[in-house]
Amino acid sequence: MLRISFISKNREKILFRLKKRNFKKIYLIDEVLLLDKKRKKIQNILNKILEKENILSKKIGKLLIKNKNYELNDIKNKCILSKNKKKKLKKELKDILFIINQKLINIPNIPDKYVNKNFDKNNILFKEKKIKKLVNNPLPHWELTKKFNLFDLSLGSKMCGTGFSVYIDKCAKLQRSLIQYFLDINIKYSYKEYNLPYLINEMSGISTGQIPDKENQMYFIENDKLYLIPTGEVPLMNCYRDKIFNENDLPIKATTYTPCFRREAGSYGTKSKGINRLHQFDKVEIIQITSSKNSNYALKNMILHVKNIIISLNLPFRILRLTGPDLGYSSSITYDIEVYSIAQKKWLEVSSISNCTNFQSNRLNIKYKNNVTGEIALCHTLNGSSLAIPRILVTLLENYQTNYQINIPKVLIPYTGFDSIK
RNA sequence: GGAGAGAUGGCAGAGUGGUUAAUUGCGACGGUCUUGAAAACCGUUGAGGGUUUACUUCCUCCGAGGGUUCGAAUCCCUCUCUCUCCGCCA
């Protein structure tokens, strides 16, 4: 959520930047500003009434001590006169704050100055040039599973419909090994591990920006008014609600493994073969909370971190900067990391790393105290996948296949306990 | 699910209608002392929102939302959460 003080000082800039997103409800900006002016007016009048009342009330207290009861009624009557007016103003103020809030919630974060509206070659920051094959005609994973019994989608659909996968035997263990491996690396680079609930309430979804934007992409449990998490970012970030950090204690770095649940409603065209896109998938997530001046550095740091993990697995990859219209609701700038599957001849997104600046922290109320000035300011929040499991799994299976077996990357063997799937 | 207790500042913990943003302790920060540190002593120490060019000044906030009252941390109602005991259960 953007701050009103920020909007009123940067109206032109915000309008310009939001256009990069193709944001339709641009009129909300001016509406909010107008309402805020109104709010200030009301607040001002109310404050003055309250001040008068406070003074009179204190007077009554003093008179009571001195037993001067005869003067009391006179003062009391004065107070009663303003009582209705006070009530009315309080209600007005409350209503207007509610409306402003509703409007603010519906305004996404403004894109960074480096974010373009349209895709061009400048959006590709890095791309692997040579991609080597181990076999001549590599099979896609849905063919490989017929040979090696890796996973079973029909079992999944038997119990809960399409888009749910059952992993079997060594593939199940490979998947678990990946989770363990990613967590271990994250921890090694001082991300603190959290194990979190997979259900969240409405407030948590609003604070990280999934609601109202992605509300119907989430599974909702009507009985208890809870959502299944679409990403570990939501509960992880919500751990830090209402905190004021000392600048010295920043950055906060945290990681978590969670399954992610997504309805993928409306994405018929992308209903893809195999396990490229599922309603439930595993992901290891990293987040950082920084001061406003360090978020850029943290973003680069996180990209490098994820990049190194992919390199350790020897997977071909590329890094893209997302365009404005592709940007997530809370993000000001996002980099996607994609790995290349030689069997599918396709790039698969395995990580999305975003700087949400102070958009989430405004909602979450995460702040820090400046070392020098002692001033309190909103933190910046960042999140990234490190990494999404199924697509890494897919690419490993497909890129590491030979005619007789699937090899396991060296770094994973200590975790799997086997060096190939036959 | 049943019964009871509770929710106050970074933490601990007083406060049951009248200068109470709130005693006190701890922590943190600054200072005195010290070669340095500790101890001791002194001082500072919540957030949000109006107003003002600024100095200033005012308002709101004691889990959340209502109510009573001239006046609410304190009384009443509703909700949320936490703890203890019992029940059920991995």
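Throughout, protein chains are lettered first and strands after them, A, B, ... in sequence-line order, and every chain is numbered starting at 1.
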Query - Atom C1', compared across B:U32 and B:A38: separation rounded to whole Å - result: 15 Å
Requested in this report: Check the distance between B:G48's C1' and A:Ile244's CD1 and give it to me in whole angstrom.
Outcome: 10 Å
Report task. Quick one: pull up OH in A:Tyr27 and NZ in A:Lys103 and give me the separation to the nearest 0.5 Å. Result -> 7.5 Å
Query - Over all atoms of both residues, closest heavy-atom pair of A:Gly384 and A:Met302 - result: N-CE, 3.7 Å
Query raised in the report: Across all strands, who's sitting opposite B:C83 as a Watson-Crick or G-U wobble pair, both distances under 3.5 Å?
Result: B:G4
Query raised in the report: In the structure shown, which nucleotide is the Watson-Crick or G-U wobble counterpart of B:U20, with both distances under 3.5 Å?
Result: none
Dump every N/O contact between nucleotides 63-69 of chain B and the protein below 3.5 Å, one line per pair.
{"unit_1": "B:G66", "atom_1": "OP1", "unit_2": "A:Lys94", "atom_2": "NZ", "d": "3.0"}

**Report entry** Whole-Å C1' distance, B:G9 and B:U24
**Finding:** 13 Å
Report task. First locate atom CG of A:Leu183, then atom CD1 of A:Ile286, and finally report the distance between them rounded to the nearest 0.5 Å. Result -> 11.0 Å
Query raised in the report: Would you say B:G46 has OP1 or OP2 under 4.0 Å from some side-chain N or O of A:Lys369?
Result: no
Query raised in the report: How are the rings of A:His279 and A:Phe164 set to each other: parallel, tilted or perpendicular (split at 30° and 60°)?
Result: tilted
Query raised in the report: Taking the same atom, P, in B:U51 and in B:G1, what whole-Å distance lies between them?
Result: 48 Å
**Report entry** Whole angstrom value for the distance that separates P of B:G50 from NZ of A:Lys37
**Finding:** 14 Å
Requested in this report: Please say which of A:His305, A:Glu193, A:Lys192 ends up in a side chain to side chain donor-acceptor pair (under 3.5 Å) with A:Asn186.
Outcome: A:His305
Requested in this report: Tell which nucleotide pairs with B:C41, taking only Watson-Crick or G-U wobble pairs whose two distances are both under 3.5 angstrom.
Outcome: B:G31
Report task. Please step through side-chain contact (heavy atoms from CB on, under 4.5 Å) for the pair A:Gln280 and A:Tyr219, ending with a clear verdict. Result -> CA-CA 11 Å; A:Gln280 179 188 323; A:Tyr219 289 94; over 6 Å; no
**Report entry** For B:C61, the Watson-Crick or wobble partner whose two distances fall under 3.5 Å
**Finding:** B:G46
**Report entry** Criterion salt bridge (Lys or Arg N to Asp or Glu O under 4.0 Å) against A:Glu247, the qualifying member of A:Lys369, A:Lys367, A:Lys293
**Finding:** A:Lys293
Requested in this report: May I ask which nucleotide in the shown strands pairs with B:C89, Watson-Crick or G-U wobble, both distances under 3.5 Å?
Outcome: none
Query - Euclidean distance for C1', B:U20 against B:U74 (whole angstrom) - result: 11 Å
Query raised in the report: Starting at CG of A:Asp249 and ending at C1' of B:G10, how long is that distance when rounded to a whole Å?
Result: 12 Å
Query raised in the report: Does the side-chain contact (heavy atoms from CB on, under 4.5 Å) test come out yes or no for A:Lys283 and A:Arg391, once each step is laid out?
Result: CA-CA 10 Å; A:Lys283 180 156 67 68; A:Arg391 290 180 186 168; over 6 Å; no
Query - CG-CD1 distance between A:Leu35 and A:Ile100, expressed to the nearest 0.5 angstrom - result: 5.0 Å
Query raised in the report: Distance from A:Ser57 atom OG to A:Lys52 atom NZ, nearest 0.5 Å?
Result: 13.5 Å
Report task. For A:Lys58, answer base if it contacts any base atom (sugar-phosphate contacts may also be present), sugar-phosphate if it contacts only those atoms, and nothing otherwise; contact means non-hydrogen atoms under 4.0 Å. Result -> nothing
Query raised in the report: Contact class for A:Lys59 (heavy atom, under 4.0 Å): base, sugar-phosphate, or nothing?
Result: nothing
Query raised in the report: Relative to each other, are the rings of A:Tyr167 and A:Phe151 parallel, tilted or perpendicular (30° and 60° limits)?
Result: tilted
Requested in this report: Can you tell me the distance, in whole Å, between the CE atom of A:Met203 and the P atom of B:U80?
Outcome: 18 Å
Query raised in the report: Taking atom P of B:U51 as reference, at what distance in whole Å does atom NZ of A:Lys41 sit?
Result: 12 Å
Query raised in the report: Looking only at atom C1', what distance separates B:A5 and B:C89, rounded to whole Å?
Result: 25 Å
Query raised in the report: CZ/A:Phe261 to CE/A:Met218 distance, rounded to the nearest 0.5 angstrom?
Result: 13.0 Å
Requested in this report: With rounding to the nearest 0.5 Å, note down the distance linking CG in A:Leu364 to OG in A:Ser207.
Outcome: 4.0 Å
**Report entry** Pairwise P distance for B:G2 and B:G25, with rounding to whole Å
**Finding:** 44 Å
Report task. May I have the distance from A:Lys225 (atom NZ) to B:U80 (atom C1'), rounded to whole angstrom? Result -> 16 Å
**Report entry** Whether over 12 other heavy atoms sit under 6.0 Å from A:Phe418 CZ
**Finding:** yes
Query - Residues in contact with RNA chain B, drawn from residues 234-241 of chain A - heavy-atom cutoff 4.0 Å - result: none
Report task. Under a 3.5 Å limit for both distances, which nucleotide forms a Watson-Crick or G-U wobble pair with B:U74, could you say? Result -> none
Query raised in the report: Paired with B:U53: which nucleotide, if any, by Watson-Crick or G-U wobble criteria at under 3.5 Å for both distances?
Result: none
Query - Span that lies between the P atom of B:A72 and that of B:G18, in whole angstrom - result: 12 Å
Query raised in the report: How far does the P atom of B:U23 sit from the matching atom of B:A73, given to the nearest Å?
Result: 15 Å
Report task. Mind calculating the distance between NZ (A:Lys243) and C1' (B:A47) to the nearest angstrom? Result -> 16 Å
Requested in this report: Could you check how far CG of A:Asp242 sits from P of B:C81, rounded to whole Å?
Outcome: 17 Å
Report summary line: So, with a heavy-atom separation below 4.0 Å from RNA chain B, the residues of residues 42-57 of chain A are A:Gln43, A:Asn44, A:Asn47, A:Leu50, A:Glu51, A:Asn54, A:Ser57
